Participant: 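Below you'll find the structure I mean.
All values derive from a computational prediction rather than experimental measurement.
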Amino acid sequence: MTPPPPSTEQVWEIDRAVEDLVRGEAAWAACGLAERRELIERVHAATAEQAEAWVRAAAAYKRLPDDSPLLGEEWITGPYPVLTSAGALAATVGALEAGRSPVDGFSVKPAPGGRVAVRVLPHGVWDQLLLSGFSAEVWMPPGATEDTVRAQAGLGQLRPTETGGVGVVLGAGNITSIPVLDVLYELYAHNRVVALKLNPVTDGLYEVFSRVLAPLIELGAVRILTGGADVGTYLVRHPKVGHVHMTGSAATHDAIVFGTGEEGAARKRAGKPLLDKPVTSELGGVSPTIVIPGDWSEADLRYQAEHIATQKLHNGGYNCVASQVLVVNSDWPQKDRFLAHVRRALSEAPARPAYYPGSDDRVRGAVDAYPGARRLDRGRVLLTDLDPAAPGPALTTEYFGPVLAVLELPGDMGQFLDEAILTANERLAGTLGVNLIAHPRTIAQLGCSLDRIIAELRYGTVALNAWTGVGYLTATATWGAFPGHTLDDVQSGIGIVHNALLLDTPERTVVRGPFRPAPRSVLHGEAALSPKPPWFVSNRTAATTGRLLADFAASPRWSALPGIFASALRG
């Protein structure tokens with residue numbers, strides 16, 4: 001059903017905000033690069049000032065106790081990525097201001113399929129120390145060259161006076177950094193002034209966001225609005241709004257673009273959008289984790305099971321890139337032992353409220369669709385009776401909650417990998433992120449064919465021995481669906497965000513991490529000093545480490561490192 005129109009007072013508020021932005025576009029166009037750099041530096045400083053209030057507000061609506069280790073999630077996915085992104089954007093604008101490419105200082109190397117890759121992590125000594133063993137590359141599309149990558153980096157900041165009109169950002173309700181990061185990307189990548197409409201779930205962050213974005217609000221380049229679907233519908237259809245960016249589900253996207261009910265479905269079938277303006281989006285989907293069989297120790301099985309539990313249960317499972325389908329080889333001798341560890345890790349992960357609207361209904365729908373569904377402790381569900389020939393809705397419906405499905409595929413290594421790639425590319429809804437887990441010996445055995453596997457997976461972020469969420473947290477990486485989706489087959493969305501180097505038309509991000517945590521990694525010859533990552537749901541000191549990392553991102557300094565390392569080691 002189409003929502004009722006907003007009230008007269010709401011219409012007046014929306015119209016005034018849009019008119020402010022129409023005037024603010026001229027003010028933004030008049031800002032040179034030096035002023036734009038100073039503005040993003042002020043946003044960085046404001047974020048540091050508001051970090052504590054930010055986490056308190058997020059914890060309030062997610063109903064997290066003050067002493068919960070899960071508060072680390074709010075530090076690490078709230079103020080922390082805004083601090084790192086603001087810092088990286090300031091460096092990008094500063095490079096352009098000095099007549100340099102933002103890519104200068106980053107290595108560019110060949111990648112499979114006639115591509116080049118920009119190595120964005122680690123970059124500098126802080127990354128090498130704090131994220132030891134993790135790396136990330138942004139792969140450009142086939143045919144791009146290093147020269148064109150360097151020359152075209154900067155996007156809208158290459159021509160700052162050529163602004164892009166008024167855009168709308170429909171903010172996410174789950175990860176609290178998303179709305180702010182999307183606003184910054186619209187401004188700095190696309191030169192659009194922005195009306196940010198908050199998801200009602202995050203209304204408690206209105207004051208914090210207003211203070212964080214105050215430098216841009218004072219300029220007239222940003223306005224923040226609250227309200228329900230009625231406000232959002234009126235705003236995106238406003239005649240003076242030229243572009244819409246949203247984070248959410250494909251169903252919400254289609255309702256906005258084509259309308260609701262049978263009329264909306266008919267418009268979608270006919271390819272005739274109701275919304276007559278460009279729309280970009282990040283929409284989640286059904287993300288897989290592919291476990292490549294190998295000879296693992298008991299400690300390996302246990303650690304990677306905790307890794308899977310994190311990929312599923314971080315933020316309660318209310319993540320657009322939460323792993324939903326665990327793909328394992330049915331002929332792997334260690335499969336049953338590994339799945340036993342996974343069940344235990346899911347059951348033992350800290351309890352938390354089902355804060356996101358509709359969660360219980362989605363979980364109930366998953367259980368109803370699979371008679372053999374296993375209800376685990378603390379409201380988690382494991383689906384283990386998927387038939388590879390007819391796996392059902394677990395592969396096509398994003399449950400957005402604590403539901404993990406296990407899909408077993410037979411065959412030797414080659415057969416399993418071919419079928420796993422086919423399943424990921426052709427049978428799962430969405431293309432946002434895919435995880436691969438493989439023992440270092442298996443990686444060595446696969447050799448160059450592993451690069452082929454990564455190249456064949458059509459996902460916006462591919463992570464090997466890391467969660468794709470690490471790509472989200474890397475300011476200079478890209479975040480979004482694999483390119484090529486359309487409004488009437490939107491999958492995980494159109495366009496990308498984050499991308500603090502402002503690379504032109506990147507294809508994907510590839511993240512790599514250590515198979516084992518320190519000190520076992522060192523004992524086995526891996527060049528990784530990272531203990532259990534602070535984003536793991538089983539990390540006991542995540543709240544303290546998350547706070548320290550956000551403080552470090554606000555003001556990087558050598559004196560802060562001992563405290564971070566001590567807290568991380570206790571996790």
Participant: Inspect the contact between E146 and R150 and indicate whether a charged nitrogen and a carboxylate oxygen are less than 4.0 angstrom apart.
Facilitator: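 Yes.
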Participant: With no hydrogens and no angle check, is any side-chain donor or acceptor of S177 less than 3.5 Å from a backbone partner on T77?
Facilitator: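 Looks like yes, one N/O pair under 3.5 Å.
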Participant: Considering only NZ, NE, NH1 and NH2 on the basic side and carboxylate oxygens on the acidic side, decide whether E263 and K268 come within less than 4.0 Å.
Facilitator: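 Salt bridge absent between E263 and K268.
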Participant: Quick one: does any side-chain atom of T163 pair with a main-chain N or O of G165 as donor and acceptor, under 3.5 Å?
Facilitator: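 No; judged by distance alone, with no hydrogens or angles, the pair does not exist.
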Participant: Is a side-chain N or O of K272 found less than 3.5 angstrom from the main chain of A266, in a donor-acceptor match?
Facilitator: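 Here the side-chain-to-backbone pair does not exist.
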Participant: Where is the tightest heavy-atom contact between K312 and Q324, given as atom of each residue plus distance?
Facilitator: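 In this case the closest contact between K312 and Q324 is NZ-CA, 4.1 Å.
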Participant: For residues W479 and L432, determine if any side-chain heavy atom of one lies less than 4.5 Å from a side-chain heavy atom of the other.
Facilitator: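 Answer yes - side chains close enough.
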Participant: Counting neighbours of CD on E19 that are heavy atoms of other residues, nucleotides or ligands and sit closer than 6.0 Å, is the number greater than 12?
Facilitator: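 Enclosed: over 12 neighbouring heavy atoms sit under 6.0 Å from CD of E19.
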Participant: Within a strict 4.5 Å, meaning less than it, do heavy atoms of the E74 and N315 side chains meet?
Facilitator: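 Counting from C-beta outward, E74 and N315 do come under 4.5 Å.
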Participant: Nearest 0.5 angstrom please: H245 NE2 to I494 CD1, how far?
Facilitator: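 Rounded to the nearest 0.5 Å, the NE2-CD1 separation comes out at 11.0 Å.
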Participant: Give a yes or no on whether the backbone of V241 and the side-chain of K277 come within a donor-acceptor separation of less than 3.5 Å.
Facilitator: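 Flag set: sc K277 to bb V241 pair under 3.5 Å.
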Participant: How about Y185 and H498: are their ring centres within less than 6.0 Å of each other?
Facilitator: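 No, the ring centres sit 6.0 Å or more apart.
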Participant: Taking the side chain as every heavy atom from C-beta outward, state whether I76 and L473 have any atom pair closer than 4.5 Å.
Facilitator: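 Yes, close enough: below the 4.5 Å cut-off.
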Participant: Where do V231 and T226 come nearest, in terms of heavy atoms and distance?
Facilitator: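 Looks like CG1-O, 3.8 Å.
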Participant: Mark yes or no: R192 above the aromatic ring of W28, with NZ or CZ under 6.0 Å from the six-membered ring centre and no more than 45 degrees from the axis.
Facilitator: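 No, R192 and W28 do not form such a contact.
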Participant: In terms of side-chain heavy atoms, does W535 have a donor or acceptor partner in E73 at a distance below 3.5 Å?
Facilitator: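 Judged by distance alone, the side chains do not pair up.
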Participant: Rounded to the nearest 0.5 Å, how far does OG1 of T247 lie from CG of N199?
Facilitator: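 Here the interatomic distance stands at 10.0 Å.
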Participant: Go through the steps for T431 and H485 under the test side chain to side chain donor-acceptor pair (under 3.5 Å), then give the verdict.
Facilitator: CA-CA 9 Å; T431 64; H485 300 315; 2.8 Å; yes
Participant: Answer yes when R512 and D451 have at least one side-chain N-carboxylate O distance shorter than 4.0 Å, and no when they do not.
Facilitator: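 A salt bridge is present here (some side-chain N lies under 4.0 Å from a carboxylate O).
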Participant: Is the shortest side-chain N to carboxylate O distance from R211 to E49 below 4.0 Å?
Facilitator: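 No, R211 and E49 are not salt-bridged.
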Participant: Can you sort out the partners of R223 under side chain to side chain contact (heavy atoms under 4.5 Å, CB included), two or more places apart, ordered by chain and number?
Facilitator: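 Checked R223 against side chain to side chain contact (heavy atoms under 4.5 Å, CB included); matches are A17, D20, L21, I217.
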Participant: Do R458 and E426 meet the salt-bridge criterion of a basic N to acidic O distance under 4.0 Å?
Facilitator: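 Between R458 and E426 there is a salt bridge, with a charged N closer than 4.0 Å to a carboxylate O.
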Participant: Going from CG on L213 to CG on L196, what distance comes out if it is rounded to the nearest 0.5 angstrom?
Facilitator: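 Those atoms lie 7.0 Å apart.
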Participant: Please assess T486 against D488 for the test side chain to side chain donor-acceptor pair (under 3.5 Å), listing each intermediate value before the final yes or no.
Facilitator: CA-CA 5 Å; T486 58; D488 57 354; 2.7 Å; yes
Participant: Say whether Y234 and D15, considering side chains only, have a donor N or O and an acceptor N or O under 3.5 Å apart.
Facilitator: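 Present: a donor and an acceptor within the cut-off.
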Participant: Once rounded to the nearest 0.5 Å, what's the spacing between atom CH2 of W467 and atom OH of Y472?
Facilitator: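 Between W467 CH2 and Y472 OH, I get 10.5 Å after rounding to 0.5 Å.
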Participant: For the side chain of T148 and the backbone of A144, is there at least one donor-acceptor N/O pair under 3.5 Å apart?
Facilitator: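 Side chain of T148 to backbone of A144: no pair is present.
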Participant: Please walk me through it: do S287 and S323 pass side chain to side chain donor-acceptor pair (under 3.5 Å)?
Facilitator: CA-CA 5 Å; S287 292; S323 180; over 6 Å; no
Participant: Determine whether S492 and F482 make a side-chain contact, defined as any pair of heavy atoms from C-beta on separated by less than 4.5 Å.
Facilitator: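 When only atoms from C-beta onward are counted, F482 and S492 do not touch, as no gap falls below 4.5 Å.
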Participant: Does a donor on one side chain sit under 3.5 Å from an acceptor on the other, for T202 and Y61?
Facilitator: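 The answer is no; no qualifying pair exists.
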Participant: Parallel, tilted or perpendicular for F106 and H123, by the 30°/60° rule?
Facilitator: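 Correct class here is parallel.
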Participant: Determine yes or no for a side-chain-to-main-chain donor-acceptor pair under 3.5 angstrom, with T474 supplying the side chain and A477 the backbone.
Facilitator: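 No; zero donor-acceptor contacts below 3.5 Å.
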Participant: For the pair K109 and E137, find out whether any cationic side-chain nitrogen is under 4.0 Å from an anionic carboxylate oxygen.
Facilitator: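 Yes, charged N to carboxylate O under 4.0 Å.
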Participant: Can a donor-acceptor pair be found, under 3.5 Å and without considering hydrogens, that links the side chain of R267 to the backbone of T260?
Facilitator: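 The answer is no, because no donor-acceptor pair under 3.5 Å joins these two groups.
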Participant: Give the C-alpha distance, both sets of side-chain angles, the deciding distance and a yes or no for side chain to side chain donor-acceptor pair (under 3.5 Å) between Y188 and N499.
Facilitator: CA-CA 10 Å; Y188 281 84; N499 186 28; over 6 Å; no
Participant: Has Y459 got a side-chain atom pairing as donor or acceptor with A424's backbone, closer than 3.5 angstrom?
Facilitator: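 Yes.
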Participant: Give a yes or no on whether the backbone of F400 and the side-chain of R362 come within a donor-acceptor separation of less than 3.5 Å.
Facilitator: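 Judged by distance alone, yes, a pair lies under 3.5 Å.
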